[in-house]
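Everything on this sheet refers to the single structure shown next.
Given the structure is predicted, the values throughout are model-derived calculations rather than measurements.
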2 protein chains.
Amino acid sequence: MEDGTSKSLGYCGDTDGDYDVLQWDTREDCEVRQILDRVADKWSLLVIALLDQRSLRFSELRRRIDGVSQRMLTRTLRHLERDGLVSRTVHPTVPPRVDYELTALGTTLHATIRALVTWTETHQNEIAAARTAYDARVLAEQSAAEAQAAERDEIARNVLSGSR
Amino acid sequence: MEDGTSKSLGYCGDTDGDYDVLQWDTREDCEVRQILDRVADKWSLLVIALLDQRSLRFSELRRRIDGVSQRMLTRTLRHLERDGLVSRTVHPTVPPRVDYELTALGTTLHATIRALVTWTETHQNEIAAARTAYDARVLAEQSAAEAQAAERDEIARNVLSGSR
DNA sequence: CGGCATCCTTCCAGATACTG
DNA sequence: CAGTATCTGGAAGGATGCCG
């Protein structure tokens, strides 16, 4: 079995609030960090958002999530199942059929995730604009630096020709 | 420059709702997916949560986020800056000093992120319990399978000795 | 169909050293 | 102090093949 509890990130609600209510746990392996890591996962968000509609079969999920390999989807579902967010039901038919659906816990998480998606949809234009502006700025700075370098070279050449 | 717009995940608000309001874009490189990818980033969440309190210097962030390398912190901050979520202020002093703070856009995102963290804190016990239960179940299934295998071997041995 | 095991590649994170 | 540049190991992730 692959290790599901590897490194993680870290936000802990230690209530010894020094300068405010929030306090960060410096440890990497803090409980809350591990959970956030799961939420911050590339595919988990998508699976949870999809399963809110209704329960889905493995292949249905696979079809709806473009770019996911069956390996990654399986891993993601196992993680979510382990965390009690998704339930897995095997129908012993032939061919086999496996349904996934959100648990009660998973549903409460979905509300939060939904807010995140809504935020993203609402602000995607602002973000796109910010990116364009940033890229333009970087480009401008680069050409400015290049112009400066060219000038330096020019001066150096003049000095050299003068000393000849 | 490293490629910041690599692969992404995918949730798009196509409003041609077939069976509900939500509809997934099948394309991997959908706009909303890219943004979610940024939010789903290991360190971004932490940086945004930290910066909500007040603006922080690079080294302050580094100290407060255990396990982040300066390379990753730099990358994360650049991404966030590009997306217009964080502003970067360089004070031309010596030694140099760089302050980071949330933009207005970043602050709106923080509210959502905060909800996520709160959810995590609220439900961490349930999740821990679910994990323990899951691991126990897996262990039980494993030993059951082993017992079955042992039984099979036993039968096979008996058959063999009988035919002798 | 829905997996798991195995291999293999690619990419990314971390360590290190150097600069303004 | 706050970066950038470069190298390298390991892990994430894809492809394939087999099983229940």
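- Salt bridge B/Asp52/B/Arg114: absent, no basic N to carboxylate O contact under 4.0 Å.
- Side-chain proximity of B/Thr74 to C/dC4, D/dG13, D/dT4: nearest is D/dT4.
- At whole-Å resolution of the value, CG in A/Asp37 and P in D/dA11 are 15 Å apart.
- Counting only heavy atoms from C-beta on, A/Ser69 has its side chain closest to D/dG14 among D/dG14, D/dG3, C/dG14.
- Of the candidates D/dG13, C/dC1, D/dA2, D/dA2 carries the atom nearest the B/Ser59 side chain, counting heavy atoms from C-beta on.
- The side chain of B/Phe58 lies closest to D/dA2 when the candidates are D/dT4, D/dG14, D/dA2.
- To the nearest 0.5 Å, atom CE of residue A/Met72 and atom CZ of residue A/Arg75 are 4.5 Å apart.
- Distance, B/Leu56 CG to D/dC1 C1': 15 Å, rounded to whole Å.
- Axis orientation changes by 50° from one end of the helix from C/dC1-D/dG20 to C/dG20-D/dC1 to the other, with each end axis drawn from 5 pairs and the value rounded to 10°.
- Atom CD in B/Gln70 sits about 15 Å away from atom P in D/dT6, given to the nearest Å.
- Here A/Arg62 pairs with nothing under the salt bridge (Lys or Arg N to Asp or Glu O under 4.0 Å) rule; sequence neighbours left out.
- In this structure, A/Arg88 atom CZ and C/dC1 atom C1' are separated by 12 Å, rounded to whole Å.
- Rounded to whole Å, the distance from CG on B/Asp41 to C1' on D/dA12 is 15 Å.
- Among the nucleotides D/dA15, D/dG3, D/dT6, the one closest to the side chain of B/Arg71 is D/dT6.
- A salt bridge does not link B/Glu81 with A/Arg131: none of the charged nitrogens is closer than 4.0 Å to a carboxylate oxygen.
- Here D/dG13 is the nucleotide among D/dG3, D/dT16, D/dG13 with the atom lying nearest to any side-chain atom of A/Lys42.
- Applying the salt bridge (Lys or Arg N to Asp or Glu O under 4.0 Å) test to A/Arg88 and every residue at least two apart in sequence or in another chain returns nothing.
- Within a heavy-atom distance below 4.0 Å of DNA chain C, the residues of residues 89-102 of chain A found are A/Pro95, A/Pro96, A/Val98, A/Tyr100.
- Partners of A/Thr108 by side-chain contact (heavy atoms from CB on, under 4.5 Å), not counting sequence neighbours, listed by chain and number: A/Leu105, B/Trp119, B/His123.
- Here the side chain of B/Thr103 pairs no donor or acceptor atom with the backbone of B/Ser87 at under 3.5 angstrom.
- Along DNA chain C, the nucleotide nearest to A/Arg78 and the one nearest to A/Arg57 differ in position, and the one closer to the 5' end is contacted by A/Arg57.
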Problem - Derivation and outcome, side-chain contact (heavy atoms from CB on, under 4.5 Å), residues A/Gln34 and A/Val32 - result: CA-CA 5 Å; A/Gln34 291 187 26; A/Val32 179; over 6 Å; no

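- Across the protein-nucleic acid pair, B/Leu61 atom CG and D/dA2 atom C1' stand 12 Å apart, rounded to whole Å.
- When rounded to the nearest whole Å, the span between CZ of A/Arg75 and P of C/dC4 equals 11 Å.
- We find that A/Arg97 and A/Asp99 are joined by a salt bridge, their nearest charged nitrogen and carboxylate oxygen being less than 4.0 Å apart.
- Using a 4.0 Å heavy-atom distance criterion, A/Arg62 is classed as making no nucleic acid contact.
- B/Ser44 meets the side chain to side chain donor-acceptor pair (under 3.5 Å) test with B/Asp41; sequence neighbours excluded.
- A straight line from CD of B/Glu60 to P of D/dG3 spans 13 Å, rounded to a whole angstrom.
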